[in-house]
2 protein chains.
Amino acid sequence: MAEPLFDPSSPVPLYKQAADHVAARAASGELARGQRLPGEHDLAQEWGVAYLTVRRAMRELRERGLVTTVPGKGTYVN
Amino acid sequence: MAEPLFDPSSPVPLYKQAADHVAARAASGELARGQRLPGEHDLAQEWGVAYLTVRRAMRELRERGLVTTVPGKGTYVN
DNA sequence: CTATATTTGTGCGTATGTATG
DNA sequence: ACATACATACGCACAAATATA
């Protein structure tokens, strides 16, 4: 039932941990290119973090060029 | 007493209006280089917007290279 | 054309942590 | 020890864009 997944007491910000989590799964091929990620609200619940934290993680991933976000549609793996 | 300054009903996001406001004042020379801006909480009250909105405006300005933020000190005009 | 559902975007409030002076 | 200031994080609500029935 909802493992930790991320460590709130870590010096690494939660949003960064989350972004790294996605980045690692993309790098390993677990997330296929073109694949749509779950909605941000869903991810927040799934990860047990705040919506704002997911938004920051997505921004981080966009800035790294790992994903592309289309308003009203979703976020896709590049 | 506290004019609108920014228009919440505008299609332009508040944080962008705020960033543009600062950018314009910097470009006009009204804000001198090296000058420290008021604190984010103060700006939030002064502008009548939320703290997070100010934070977003500052982030916008940092990304544009117009200001530099030093944690524990303040935000300075470049 | 309208209505609805989904998803991202924006905004407010608050609390706590960290760094500097 | 204390004040100031930025950083991260939580919660909630509503608006805007997109797709579909």
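- The nucleotide D/dA1 finds no pairing partner, because no Watson-Crick or G-U wobble arrangement with both distances shorter than 3.5 Å includes it.
- Residue-level contact check: A/R36 touches the backbone only, with heavy atoms under 4.0 Å from sugar-phosphate atoms and none from bases.
- Side chains of A/V54 and A/Q45 form no contact here, defined as non-hydrogen atoms less than 4.5 Å apart.
- Using a 4.0 Å heavy-atom cutoff across all strands shown, B/Y15 reaches sugar-phosphate atoms only and no base atom.
- Atom CZ in B/R56 sits roughly 7 Å away from atom P in C/dT10 (whole-Å rounding).
- Rounded to an integer number of Å, the gap from A/R62 CZ to C/dT7 P is 16 Å.
- Look at CD on A/E40: it is 16 Å from P on C/dT6, rounded to the nearest Å.
- Each of B/V12 and A/T75 was assigned the nucleotide of DNA chain C with the nearest heavy atom; the assignment lying further toward the 5' end belongs to A/T75.
- Between the C1' atom of C/dT10 and the CG atom of B/L52 lies a distance of 10 Å, rounded to the nearest Å.
- Put simply, CG on B/L37 is 13 Å from C1' on D/dA5, counting in whole angstrom units.
- Taking the six-membered ring for Trp and thresholds of 30 and 60 degrees, A/H21 and A/W47 have ring planes more than 60 degrees apart, a perpendicular arrangement.
- Between B/T53 and the phosphate of C/dC12, there is a side-chain N or O to OP1/OP2 separation shorter than 4.0 Å.
- Atom CG of B/L43 and atom C1' of D/dA5 are 12 Å apart (whole Å).
- When the side-chain nitrogen and oxygen atoms of A/K73 are compared with OP1 and OP2 of D/dA19, one or more of them lie within a distance under 4.0 Å.
- Using a cutoff of 4.0 Å between basic side-chain nitrogens and carboxylate oxygens, B/E60 and B/R56 are not scored as salt-bridged.
- For the pair A/H41 NE2 and C/dT8 P, the interatomic distance rounds to 8 Å; values are reported in whole Å.
- Distance CD (B/Q45) to P (C/dG13): 10 Å, rounded to an integer number of Å.
- Here the shortest heavy-atom pairing between A/M58 and A/L43 reads CE-CD1, 3.3 Å.
- Both A/V49 and B/Y51 lie close to DNA chain D; mapped to their nearest nucleotides by heavy-atom distance, the more 5′-ward contact belongs to B/Y51.
- Applying the 4.0 Å criterion to OP1 and OP2 of C/dG9, one finds that A/R55 has a side-chain N or O inside that range.
- Contact check for A/L37 versus A/L31: side-chain heavy atoms found under the 4.5 Å cut-off.
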